[in-house]
Amino acid sequence: MPHSRSTQTPIAAIAGITQKNASLPLKPRDFRKFFVPVFQYKAQREDQTLIRGTETGDSARDVRDKLRNDGLVVIELVPHKTADTSKTTRKSTGWQLPRNRQWPQFVATFTGDLSTLLAVGVPLLESLDTLIKQYSGVYANSLMVLRDRVVRGQSLAEAMKQQPAVYDILCTSMVEVGENTGNLDEVLGQLSHFKRRSLEFRDRLIGAILYPMIVLTVSMMVTVFLMTIVVPMLLQNLLDAGRPLPWPTRLLKAGSELLLTHGWWLGIVLVTATVLAVMFLRTSPGKSIWYSCLLRIPILGDVSRKQEISRVALVVATLLKSGVEFLNAIEIAGRTTKNVLLIHALERCRQSINEGRDVGDVMGEQSFFPPMVVQVFSVGQSSGRLGEMLFRLAEDYDSQVQSASNRLSAVLEPLLIVGLSLFVGFILFATLLPILEAGNVLN
């Protein structure tokens, strides 16, 4: 069993200073004096048993002195592989870990591995030591900070709350419930399963729109190339002939001249409009308008609604299974979605249920929820099987979303290809038409 120290380590002291002086900005050079290396050791106890573990210290001599004071004979002491003294370590063990799109994948894997180790009887600190060796870079540094806070007396949930960029409200709430009820391994397994399903949702959505977006991007590039390079060369010969151009050719010529003359200005206006639109959509009114319009789009709106409901149903079901109260589960579920319409609907439901109203009546008043969802919540609450029924609802809607996404992708792909083909065909028609008319006149 690896050795663990109960005294406050320098990294823990840094964490404490962080909480007390969170408002004081620190420069990178100020942080260097707080950086403490981590060493990996192999030592022998008085009963001749060998142990392995990690320990922090200002130097190798400092770590050896600490271990000797604990009655250990140091056999091997090397810098920890993940304890890189580069700027990566200093950044990742700083006041706030950086946001990273790979954190959800890391949390899904980490919670699953930790659940397995705890289930077979490995203590928490020993499990964290084992997992630290399994990761590298910023992930291992995150676990080292997590372990150090647990060593100094914090619960695992409290330590996770101090890394909000890594562990969201759902993760910390479930871990806290698992620690209070004594089934942390089971709760971590449920959390890992949920995180993996959420990643599947995201990957499925990206996969559905990736190919159409590639086709659309290529279409725009081909359009700009044809209108600015190919078309002017073809039209120049027709203009040199001095014959009047038919209307398709004149239309093509006007579009080409517009891009050649004002192309840069059009590009700047387009980029500026896109940036302003994105900034507006990040505001509360912008989000409300965006999601209201999205829900009105045929097929896509239904897919978006069912995907959000499926996610919320899965969150609530997972929390209920972990022992979280229904009202708290509704509140946490509202924080896991970005759809402001659903957030407002859940908040109104939570407030009305807290006042004593029936869940079915409250949800029926919200236009966001279809009648089937209202019925599932109503029957599940009255029968005491809400968690089980929400799992089934999530699976049903997940299947429907997958089928609809496949159909939508199958429809968009040929439509974009046909649109590109029609545009290229129009260019060929507009350039060949004057040549064909000239041939008819000569005949």
Q.
Donor-acceptor pair, distance only, cut-off 3.5 Å: does the side chain of S192 make one with the backbone of A108?
A. yes

Q. Any side-chain heavy atom of V187 sitting closer than 4.5 Å to one from V175?
A. no

Q | Reported OG1-to-CG distance for the pair T116 and L131, which is rounded to 0.5 angstrom | A | 9.5 Å

Q | Carboxylate-amine/guanidinium proximity below 4.0 Å for E365 and R348 | A | no

Q.
Are I343 and F368 packed together at the side-chain level, in the sense that at least one heavy-atom pair is separated by less than 4.5 angstrom?
A. no

Q: Check whether any side-chain heavy atom of H262 lies under 4.5 Å from a side-chain heavy atom of V269, and answer yes or no.
A: no

(Q) Quick one: does any side-chain atom of S421 pair with a main-chain N or O of I417 as donor and acceptor, under 3.5 Å? (A) yes

**Q.** Flag, side chain of S378 to backbone of V374, donor-acceptor distance under 3.5 Å
**A.** no

Q: Might you work through the side chain to side chain contact (heavy atoms under 4.5 Å, CB included) test for D185 and V120, ending with a clear yes or no?
A: CA-CA 9 Å; D185 57 336; V120 299; over 6 Å; no

Q) If you take all heavy atoms of A317 and G387, which pair is closest and at what distance? A) CB-O, 3.6 Å

Q | Side-chain heavy-atom pair R311, L314 within 4.5 angstrom cut-off | A | no

Q. How long is the span from the CG atom in L393 to the NZ atom in K306, to the nearest 0.5 Å?
A. 10.0 Å

Q: State, with a plain yes or no, whether a side-chain heavy atom of L72 is found less than 4.5 Å away from one of R45.
A: yes

Q: Apply the side-chain hydrogen bond (donor to acceptor under 3.5 Å, both in side chains) test between R149 and each candidate in E158, Q162, Q154; give the one that qualifies.
A: Q162

Q) Where is the tightest heavy-atom contact between L386 and F326, given as atom of each residue plus distance? A) CD2-CE1, 3.3 Å

Q: Look up atom CD in Q375 and atom CE in M363, then write down how far apart they are to the nearest 0.5 Å.
A: 11.5 Å

Q) If you measure from the Lys or Arg side-chain nitrogens to the Asp or Glu carboxylate oxygens, is any gap between E347 and R350 under 4.0 Å? A) yes

Q: Report the distance from atom CG of L390 to atom OG1 of T318, rounding to the nearest 0.5 Å.
A: 9.5 Å

Q) If you look at every heavy atom in R305 and P370, which pair is closest and at what distance? A) CD-CG, 4.2 Å

Q: For E179, check side-chain hydrogen bond (donor to acceptor under 3.5 Å, both in side chains) against everything at least two apart and list the hits.
A: none

Q: Side-chain contact test, heavy atoms from C-beta onward, threshold under 4.5 Å: evaluate it for L191 versus F110 and give yes or no.
A: no

Q: Only counting residues at least two apart or in another chain, list the ones meeting salt bridge (Lys or Arg N to Asp or Glu O under 4.0 Å) with E308.
A: none

Q. Can you tell me how far the CG atom of N354 sits from the CD1 atom of I330, to the nearest 0.5 Å?
A. 12.0 Å

Q) Minimum heavy-atom separation for V303 to A404, with atom names? A) CG2-CB, 3.3 Å

**Q.** Pairwise side chain to side chain donor-acceptor pair (under 3.5 Å) hits with a residue in residues 288-301, at least two apart
**A.** none

(Q) Please check this pair: side chain of T283 against backbone of F280, looking for a donor-acceptor N/O pair closer than 3.5 Å. (A) yes

Q: Step through it carefully: locate the ring centre of W103, locate the ring centre of Y139, and say whether they are under 6.0 Å apart.
A: yes

Q | Ion pair R392/E388, N-O distance below 4.0 Å | A | no

(Q) Do V275 and M279 have side chains that approach each other closer than 4.5 Å (heavy atoms only, starting at C-beta)? (A) yes

Q.
Checking the side chain of S382 only, and the main-chain atoms of V379 only, is there a donor and an acceptor separated by less than 3.5 Å?
A. yes

Q) Taking the side chain from T261 and the backbone from L258, do they hold a donor-acceptor pair closer than 3.5 Å? A) no

Q: Using atom types as modelled and distance alone, determine if a side-chain donor or acceptor of S399 lies under 3.5 Å from a backbone N or O of E395.
A: no

Q. Closest approach of L294 and S304, non-hydrogen atoms and distance?
A. CD2-OG, 3.4 Å

Q) Do D396 and M372 pass the side chain to side chain contact (heavy atoms under 4.5 Å, CB included) test, and can you show the C-alpha distance, the side-chain angles, and the key distance before you say yes or no? A) CA-CA 11 Å; D396 181 39; M372 176 182 173; 3.4 Å; yes

Q | Over all atoms of both residues, closest heavy-atom pair of F426 and P248 | A | CZ-O, 3.9 Å

Q.
Nearest 0.5 angstrom please: L118 CG to N183 CG, how far?
A. 11.0 Å

**Q.** Donor-acceptor under 3.5 Å (H193 side chain, G189 main chain)
**A.** no

(Q) Check for me whether the distance between the ring centres of F106 and Y135 falls short of 6.0 Å. (A) yes

Q) Would you say V312 and F369 make side-chain contact, with heavy atoms under 4.5 Å? A) no

